[in-house]
Amino acid sequence: LEFQPILDLKSNKISGFEALTRIDSDKLGRITPLEFIPIAEKTKLIIPIGERILKYSLDFLKHLNNLGYREIKVSINISAIQLMEKDFVRNTLKIIEEMKVAHKNIILEITESVFATNYEEINDIINKLRRFGVLVAIDDFGVGYSSLARVTELNVDFIKIDKFFINKFLEIGPEKSRIGDIISMSHKIGQIVTAEGVEYESQKEYLAKNGCDKIQGYLISKPVEKEAAIKLLKEYNK
């Protein structure tokens, strides 16, 4: 796993990390999730892999707690196949209890495309998780199946605006950007907004001006290994 910091725009401090999976192969070199996750999903290996990712991520969270960072959150990507497993909620909560970490510091990220099918069933699963204090985020929001109207139906805590919109901002300019609309709509229904793929100071300034809560991207840091992530945390959160 590598961890990418998420910066809170109000405090200018790191508020959490997203856990990102990589495979280092002697023969193939570095393999990205875009390459191996579809294969893992097709073969259902995503279920045991996902469980290991969850455990490693929570171990990192526990390490942060032991260092005194008790409010830092860790975001973990969950596949639709994992989510639809019969005992997903029970098994996830069991692992959280075994790891002895706070539910409120765990964010499970789900891509918005999962809502294209089994919408009500997935929302029910999300509600069960949230009842136990686990937070849920919609990842890559805006480029899949959701609309600004449908966002009001998603029972989630966070919306993560896809980097497509952040990149597009540089092309079309702030006056034509729809990012402000997404932020405003999400805030009206109590959701926290994170912008992904932020690489330039101008993007950060625009997002802050339009009330975005958090940002993530190379402007802050690329994904890094555990010790480097902790070093970043110490630098930002002095």
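Note that the numbering runs from 1 along the sequence shown for the chain. All values below were derived from every heavy atom in this structure, side-chain atoms included, with hydrogens, water molecules and symmetry-related copies excluded.
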**Request:** Decide yes or no for I220 and Y236: does some side-chain heavy atom of the first lie under 4.5 Å from some side-chain heavy atom of the second?
**Result:** yes

**Request:** Please step through salt bridge (Lys or Arg N to Asp or Glu O under 4.0 Å) for the pair D213 and K10, ending with a clear verdict.
**Result:** CA-CA 7 Å; D213 302 289; K10 291 184 176 66; 3.6 Å; yes

**Asked** What is the ring orientation for F17 with F60, classed by angle as parallel under 30°, tilted 30 to 60°, or perpendicular over 60°?
**Response** perpendicular

**Request:** For the residue pair D140 and E196, establish whether any side-chain heavy-atom pair is separated by less than 4.5 Å.
**Result:** yes

**Prompt:** Taking all non-hydrogen atoms of both residues, which atom of G197 and which atom of Q203 are closest, and how far apart?
**Reply:** O-OE1, 4.2 Å

**Request:** Decide, yes or no, whether a salt bridge links D124 with K128 under the criterion of side-chain N to carboxylate O below 4.0 Å.
**Result:** yes

**Asked** How about D8 and I14: do any of their side-chain heavy atoms sit closer than 4.5 Å?
**Response** no

**Prompt:** Which atom names give the shortest non-hydrogen contact between I72 and Y69, and what distance separates them?
**Reply:** CG1-CB, 3.7 Å

**Nearest heavy-atom neighbours spanning S75 and E109** = CB-OE2, 3.1 Å

**Message:** Would you say that I31 contacts R22 through its side chain, given a criterion of any heavy-atom pair below 4.5 Å between the two side chains?
**Reply:** no

**Prompt:** With a 4.5 Å limit on heavy-atom distance, are the side chains of K104 and E71 in contact?
**Reply:** yes

**Item:** Candidate pair F141 and F165, rule ring pair (Phe, Tyr, Trp, His ring centres under 6.0 Å), full reasoning
**Value:** CA-CA 9 Å; F141 180 81; F165 286 98; 7.8 Å; no

**Request:** Decide salt bridge (Lys or Arg N to Asp or Glu O under 4.0 Å) for D87 and R90; before the verdict, give the C-alpha distance in whole Å, the side-chain angles of both, and the deciding distance to 0.1 Å.
**Result:** CA-CA 5 Å; D87 295 324; R90 183 174 64 84; 3.3 Å; yes

**Prompt:** What pair of heavy atoms forms the shortest contact from N77 to A19, and how long is it?
**Reply:** ND2-O, 3.6 Å

**Prompt:** Rest of the hydrophobic cluster containing I192 (Ile/Leu/Val/Met/Phe/Trp/Tyr, side-chain heavy atoms under 4.5 Å)?
**Reply:** I107, L135, F158

**Message:** Just so I know, are the side chains of E201 and L219 near enough to count as touching, which here means a heavy-atom distance under 4.5 Å?
**Reply:** yes

**Message:** Any heavy-atom pair between the side chains of T194 and I6 that's under 4.5 Å?
**Reply:** yes

**Request:** Determine the sole option in K222, R30, K226 for which the salt bridge (charged side-chain N to carboxylate O under 4.0 Å, His left out) test with E2 is passed.
**Result:** R30

**Asked** Just wondering, more than 12 heavy atoms not from E225 lying within 6.0 Å of its CD?
**Response** no

**Prompt:** Below 4.0 angstrom, N of the basic side chain to O of the carboxylate: do E205 and K209 qualify?
**Reply:** no

**Prompt:** Is the shortest heavy-atom distance from the side chain of I230 to the side chain of L64 under 4.5 Å?
**Reply:** yes

**Item:** Other ILVMFWY residues reachable from L34 by side-chain steps of under 4.5 Å
**Value:** none

**Item:** Gap between atom CD1 of I76 and atom CG of L54 - 0.5 Å precision
**Value:** 5.0 Å

